[in-house]
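Residue indices begin at 1 and follow the sequence shown. Order of appearance sets the numbers: ligands from 1, and atoms from 1 within every ligand.
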Amino acid sequence: DGRRVGAAWRAPREVLRAVFGHEDFRPLQGEVVDHVAQGQDALVLMPTGGGKSVCYQVPALARPGTGVVVSPLIALMDDQVQQLRQAGVHAAALTSARTPEEVREIRRDLDSGALDLLYVSPERLLLGGLLDQLERCQVSLFAIDEAHCVSQWGHDFRPDYRQLSALGERFPNTPRIAVTATADESTRQDIKHQLGLDGARAFVASFDRPNIRYRVQVKGQARKQLTDFICRDHPGESGIVYCMSRRKVEDTADMLRKQGVDAVAYHAGLEAETRANAHTRFLREDGVVVVATIAFGMGIDKPDVRFVCHLDLPKSLEAYYQETGRAGRDGLPAEVFMVYGMTDVANLRRMVDDSNAPEEIKLVERRKLESLLGFCETTRCRRQVLLAYFGETTDPCGNCDTCLEPVEAVDGTHAARLALSAVYRVGQSFGAGHVVDVLLGKTSEKVQRRGHDRLQVFGQGMDQSEKRWHSVLRQLVAQGLLKVDMANHGVLRLGPREQVVPVLRAEETVTLRADPEKLRPSRGTQKA
Ligand code: ADP
Ligand code: ZN
């Protein structure tokens, strides 16, 4: 039937050694490779640097036929193709950067069965009858890199990715492997669903970075908090300080220089030469602190960054994880530090509200913001909260501020019970705004229409402010007593029965972080 009979099946371990020069698989890699090499579908979550490419490159080469890798990043594709060619693999990248002549040549090689690996951007895959051509060839597997791009809930949605669901229908006997470095639980489910990979096995590597110490403070005198952190705890060390605006980047760099810190500013508005100089100094010299907007960091591969500071809140917990993840790549102790204030929170909320994004996207962004605030306000181990966001459970770490220093906390059992019963009484089908209205006894149109002004909890929380109730709800989410259903308009639901019932029956107490508005602002600068 015109199909090429490809090269024979090769042992994955042999491919790993012969082609990539690695002695052995990393723990999860071996399992993924065996699974996919045997023709099964997989979803793989690994942090950046975890070794995702091996997960699809090795089974692609082990199985007969051409492996097709879908990726949204042209530079990355060209990079990998170059490395593979040097290792003697016949690889090519079909992207908008190819000339018509190059495209013809690649498609000829595909037909003759000469290609081991074909990298392709999602839009090219769906163009010019390429799928028809692939149906006539032998395809060893489809790999979908940066798979979070298929989900509107990820941070990098690409509409073209949606059409990749067709692969499963047109190539039912070809294994598919989706890989990504960022996906919270709901994004993960969405990826599986959108790509038609519901039956695929999920392989999830740990996202923990045990050598990073997490520290978060309520913003008081932010400059003093920052200089204390750098000059007292990290003098002479390399680090990154993130600020939201260019203006603030420059002011903060000036301020740090006056304190004797070797600080340089970095943002997109500076001359290319100035930026390049800052970059080079940071990489080559010891003890340089770069004060930057988030434009700085992409592709920064400096192993000995000892600290990362956030003077403004990042966009989401995923962004926070990525940005703080630039610290301590060498595995030695590193510390990350963030200050947050209520005005930052209000600003971020307004940015979401004022954006032109469709309402459903805004809703997801609001939820992400809530998770971030839950992390800031938690009384629990920060690592537990951060990893829980990625679906991982761990013991208290002993290496974050809440583990190391007692948190100013209050008994929140009564508030928690009110909030949980309000969520329950409104049928677990409303978001935080409505639940707070009920607690505060607000007769909004929605409250009246649903008859929620007749509930027993209606108006029972009038002794607390609206802001405080939102904070309580976030903390209950962070503690797992409440869940936010992202797939369903951010509706609040009760957490697991065995956790919630004892609280409702007052058999378990709940600890909440004290209301930050009632804290002394200087508290943040004192060492416990
Ligand atoms: P990711 O795509 O997950 O960010 P990469 O696939 O680029 O990670 O791999 C990160 C680094 O780890 C690369 O330098 C790669 O050569 C190395 N690596 C991957 N797998 C192994 C292995 N089994 N043994 C040794 N090094 C590996
Ligand atoms: Zn901890």
Side-chain angles (χ1 to χ4, degrees), residues 12-34 42-62 69-73 75-84 86-87 89 117 119 143-148 177-183 203-216 298-301 303 321-322 324-326 329-331 333 335-336 375-376 378-389 392-407 478-479 528:
R13 237 161 222 86
E14 189 208 304
V15 174
L16 183 76
R17 288 197 189 121
V19 179
F20 299 94
H22 299 321
E23 216 25 61
D24 212 338
F25 286 116
R26 290 180 180 159
L28 205 63
Q29 274 178 342
E31 290 171 52
V32 175
V33 168
D34 287 340
L43 170 66
V44 177
L45 283 98
M46 269 186 194
T48 305
K52 284 183 288 299
S53 347
V54 160
C55 293
Y56 55 81
Q57 286 169 339
V58 170
L61 299 178
V69 182
V70 184
S71 166
L73 304 166
L76 207 121
M77 285 194 258
D78 286 338
D79 233 42
Q80 289 211 353
V81 165
Q82 206 182 351
Q83 282 178 23
L84 287 162
Q86 274 163 13
V89 175
L117 273 167
Y119 282 76
I144 297 146
D145 203 359
E146 312 286 341
H148 58 273
I177 165 172
V179 304
T180 174
T182 54
F203 296 85
V204 185
S206 175
F207 278 64
D208 189 17
R209 297 285 310 277
N211 59 316
I212 296 182
R213 175 174 294 182
Y214 296 93
R215 221 204 266 186
V216 181
M298 299 293 177
I300 290 288
D301 200 8
Y321 179 83
Q322 293 294 332
T324 54
R326 293 176 186 133
R329 291 232 171 111
D330 54 8
E335 190 167 26
V336 299
F375 172 78
C376 291
T378 188
T379 55
R380 291 172 69 207
C381 166
R382 296 215 194 265
R383 193 178 312 271
Q384 281 187 320
V385 176
L386 186 60
L387 291 179
Y389 186 72
E392 237 177 294
T393 49
T394 56
D395 290 330
C397 73
N399 194 25
C400 71
D401 55 357
T402 47
C403 280
L404 293 166
E405 303 159 17
V407 164
Q479 296 192 22

Q: Count up the protein N, O or S atoms sitting under 2.8 Å from the Zn ion (ligand 2), would you?
A: 4
Q) Where does the angle between the aromatic ring planes of Y119 and Y56 fall among parallel (under 30°), tilted (30 to 60°) and perpendicular (over 60°)? A) perpendicular
Q) Honestly, is R382 close enough over F375, meaning NZ or CZ under 6.0 Å from the six-membered ring centre and within 45° of the axis? A) yes
Q.
The criterion is side chain to side chain contact (heavy atoms under 4.5 Å, CB included); which residues satisfy it with N211, sequence neighbours excluded?
A. R209
Distance-only criterion, 3.5 Å: show the donor-acceptor pairs between side-chain atoms of residues 393-400 and protein atoms not counting sequence neighbours.
residue	atom	partner	partner atom	Å
N399	OD1	R213	NE	2.7
N399	OD1	R213	NH2	3.3
N399	ND2	P210	O	3.2

Q: Search all heavy atoms of L117 against all heavy atoms of V89 and return the closest pair with its distance.
A: CD1-CG1, 4.4 Å
Q. Any side-chain donor-acceptor pair under 3.5 Å between E392 and S206?
A. yes
Q | Atom-level proximity to ligand 1, residues with heavy atom under 4.0 Å | A | H22, D24, F25, R26, Q29, P47, T48, G49, G50, G51, K52, S53, V54
Q. How about I177 and V179: do any of their side-chain heavy atoms sit closer than 4.5 Å?
A. yes
(Q) Does either side chain, that of Q57 or that of Q80, offer a donor lying less than 3.5 Å from an acceptor on the other one? (A) yes
Q | Electrostatic pair D24:R17 at N-O distance under 4.0 angstrom | A | no
